[in-house]
Amino acid sequence: MNVTTTKAAPETIDTPLLAIAAFSDDGDRGDSFGDVDRALSGLLKALADEEEFDAKPGSTLLLHTAGRTGFGPRRVLVVGCGGAAELKAKDLRGLTASAVQAANSRRLGGIAAVLPSVDGLDEAEAVRFSAEGALLGGYLYNAWRTKDVKEQSVLSVTLAGVGGRHDEIVARTTAACAGVSLARDLVNGPPQEITPIYLAEVATRLAAELGLEIKVFDKAEIEARGMNLLMAVNAGSDIEPRLIHWTYTPPGADENTPSVALVGKGLTFDAGGYNIKPTGHIEEMKLDMAGGAAVLGAMRAVTAWAPKVIVHGVVPSTENLVSGAAYKPGDIYKALNGKSVEIMNTDAEGRLILADALSYISELGVDRIVDLATLTGACVVALGPNIAGIWSNDDAFGAKVKAAADRAGEDAWVMPLAKKLKSMLKSPTADMKNVGARWGGAITAALFLSEFVGKTTWAHMDIAGPSFAEKADGHITKGGTGYAVLALLELVSGEL
Ligand code: BES
Ligand code: MN
Ligand code: ZN
């Protein structure tokens, strides 16, 4: 999909479908509506009035122009955007997502969208978010369909009503959205295909394409290095684990160049182990590598974004299954950093594989670590299905992660790393156990992870809610969302 911008007046654009925003707090439904209505001699307003179109967010109205002379677009899609006074640039994702979806279902080859002129709306931001809406709202996962294959027919997207040039923003957004789409593909793919081996292959191929340094540890190396927690989780699986480690080094980097590591949980199927998940909880557990997929997606775009910091991407990957060899409640293992962990619940496996990955990267000596994991159902109970939780051992860094998510238009909230709850992780026989009590489950998970980062400035994002969508919503498509790819790119490109 190719995105371009233009100053041209909407009625002069030759396009199969023109999308315009309409607002509910303006009797005239907003400027673009008025302009297009005038060009159509009042036809649009007549239709909207008759249909009692109220411009509520998400509502749409389609008008065929049937080749009217002097009017370029073949169709006009009016997209309700609610009150103009409340409009944020990120809301424009819904405008272009609606347009691309309407066009795809009609097998049209392109769309144009008019960016509304609303007070306080920054043009560059409007371009960025409306490009995102088109690129992500048009996402389809067809790999395994043999019938009802939905087509991505829209190849060109024209953003109209844009005065300046924003080529660089469009290029960065296009690269970022390719990363988001990759993350979505990996989450949507079935778990017998998306294995640790497969993730490592994709990572290796990407690294070669992009010129990133990569190391992939196989089972023998993971064992030899003493990543015993990752080994323990893998014990019940017939598929080998992998630990993937890319490094992006900016041009001209030296020993003073700051570094940040992105660590993602790559649990390709979480059956829960002997604490097996019941029906109703197990079905979607292919999503449990969404943190790893987000890191892969961000690494996919990192060369295009060219941040000034060294960026490490680390993904520990395994399945969590049952077998005669699987780890058991009561087992005690020594982590890579030497701490002993008593397994009290084999379904609290994400923190185990992350613990070894965090020890590995913090011992290498990075300045900042952010981990991403579909770690706890408790986080979804606390914040609902759309918002990620952020924990950090450094309040200022936690706030930076939150600010990066805000800039990316991804919802996240800073949660307390409540030290008092650490006592819940006390074990009678080992340094700690891998679960706390029932209450504060997302906090005790974060506290567990904090034991494996040494003194490194670290933040943890629990993305169990937002990485998977039960239903489509604007630019978010059903299934894997690619959540956090954009936030990570913002984070590594901003001030750390
Ligand atoms: N992968 C799950 C968390 C999860 C739950 C992600 C729902 C997405 C949706 C994780 O490994 C898990 O099983 N966590 C347990 C922890 C508990 C045993 C302390 C949970 O949340 O129930
Ligand atoms: Mn689990
Ligand atoms: Zn899990």
Side-chain angles (χ1 to χ4, degrees), residues 183 186-188 191 194 196 199 229-230 232-237 241 263-294 315-322 326-331 341-357 371-389 391 415 421-422 424-425 427 432-449 460-470 479-481 483-484:
L186 293 171
V187 172
N188 289 334
I194 314 296
L199 286 182
L229 297 181
L230 176 53
V233 176
N234 179 251
S237 170
V263 180
K265 174 179 175 183
L267 212 295
T268 61
F269 187 76
D270 182 13
Y274 275 102
N275 293 97
I276 198 160
K277 288 186 186 291
T279 299
H281 290 86
I282 201 168
E283 293 78 2
E284 280 165 359
M285 280 304 136
K286 66 175 185 180
L287 65 73
D288 215 14
M289 33 61 71
V315 179
S317 185
T318 175
E319 300 180 315
N320 184 28
L321 303 182
V322 283
Y327 76 145
K328 305 171 289 295
D331 282 351
V341 178
E342 183 184 19
I343 308 305
M344 268 296 119
N345 190 318
T346 59
D347 200 11
E349 84 299 333
R351 64 197 72 184
L352 299 173
I353 71 169
L354 284 169
D356 278 345
D371 78 69
L372 304 110
T374 47
L375 203 61
T376 66
C379 192
V380 192
V381 172
L383 293 172
N386 308 118
I387 305 176
W391 285 260
M415 306 284 275
L421 302 196
K422 241 183 203 173
M424 288 187 184
L425 294 171
S427 156
M432 65 187 109
K433 54 181 186 171
N434 74 331
V435 283
R438 178 168 152 77
W439 308 116
I443 297 177
T444 46
L447 284 167
F448 183 90
L449 296 178
H460 154 63
M461 281 181 96
D462 194 330
I463 60 171
S467 59
F468 202 82
E470 295 293 336
T481 62
Y483 181 88

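Note that ligands are numbered from 1 as they come in the structure, with each ligand's atoms numbered from 1 the same way.
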Separation between OH (Y274) and CD1 (I343), nearest 0.5 Å, reads 14.5 Å

If you compare R438, M344, M285, M289 by their heavy atoms, the one closest to atom 7 (C) of ligand 1 turns out to be M285

| message | Taking T376's backbone N and O only, do any of them form a donor-acceptor pair with D462's side chain (distance below 3.5 Å, no angle check)? | response | yes

With no hydrogens and no angle check, is any side-chain donor or acceptor of T444 less than 3.5 Å from a backbone partner on G441? yes

The Mn ion (ligand 2) -> D270, closest N, O or S atom is OD2

Quick note on ligand 1: atoms under 4.0 Å from a heavy atom of E349 include exactly 11 (O)

The answer for which part of R351 has a heavy atom under 4.0 Å from ligand 1 is side chain

Exercise. Any N or O of G377 that comes nearer than 3.5 Å to an N or O of ligand 1?
Worked result: yes

Is L287 in contact with ligand 1, taking contact as a heavy-atom separation below 4.0 Å?
yes

Honestly, for D347 the part within reach of ligand 1 (heavy atoms, under 4.0 Å) is both

P329 and N275, any side-chain heavy atoms less than 4.5 Å apart: yes

| query | For ligand 1, is there an N or O atom under 3.5 Å from any N or O atom of T376? | reply | no

The O(D347)-the Mn ion (ligand 2)-OE1(E349) angle, to 10°, is 70°

Near V435 (heavy-atom distance under 4.0 Å), the atoms of ligand 1 are 19 (C)

Indicate yes or no: at least one non-hydrogen side-chain atom of I463 is less than 4.5 angstrom from one of F468. no

A student comparing A442, G465, A290, A464 should find that the heavy atom closest to atom 6 (C) of ligand 1 comes from A464

- Query: Within the side chain of T318, is there an N or O that forms a donor-acceptor pair under 3.5 Å with the backbone of P241?
  - Reply: no

>> Main chain of M285, side chain of D288: is a donor-acceptor contact present, judged purely on distance under 3.5 Å?
In response: no

message = Tell me whether T346 contacts the main-chain N or O of G272 through its side chain, where contact means a donor paired with an acceptor under 3.5 Å.
response = yes

Value for CD1 (I282) from CG (D270), rounded to nearest 0.5 Å, stands at 8.0 Å

With heavy atoms and a 4.0 Å threshold, my read on which part of H281 contacts ligand 1 is neither

- Query: Are I194 and M289 close enough that some pair of their side-chain heavy atoms sits under 4.5 Å apart?
  - Reply: yes

For K277, the atoms of ligand 1 under 4.0 Å from one of its heavy atoms are 12 (C), 13 (O)

One finds that the ligand 1 atoms under 4.0 Å from a non-hydrogen atom of D288 are 1 (N), 11 (O)

Quiz prompt | L267 side chain near V233 side chain, heavy-atom distance below 4.5 Å | solution = yes

Would E319 and K286 pass as an ion pair if we require N to O under 4.0 Å?
no

For N345, the atoms of ligand 1 under 4.0 Å from one of its heavy atoms are 18 (C)

Protein-side N, O or S atoms sitting under 2.8 Å from the Zn ion (ligand 3) are K265 NZ, D270 OD2, D288 OD2, E349 OE2

Would a 4.5 Å heavy-atom cut-off, applied to side chains only, mark N320 and Y327 as touching?
yes

- For the side chain of N434 and the backbone of V341, is there at least one donor-acceptor N/O pair under 3.5 Å apart? no

* atom 21 (O) of ligand 1 protein-contacted (non-hydrogen atom, under 4.0 angstrom) -> yes

The protein heavy atom nearest to atom 2 (C) of ligand 1 is D270 OD2, 3.6 Å

- Verify, without hydrogens or angle tests, whether N386 (side chain) and P466 (backbone) share a donor-acceptor contact under 3.5 angstrom. no

Here the gap from L449 atom CG to L352 atom CG, rounded to the nearest 0.5 Å, amounts to 9.5 Å

Atom 10 (C) of ligand 1 sits nearest the protein heavy atom L375 O, 3.2 Å

Counting heavy atoms under 4.0 Å, the part of K265 that contacts ligand 1 is side chain

At under 4.0 Å between heavy atoms, what of E284 touches ligand 1? The answer is neither

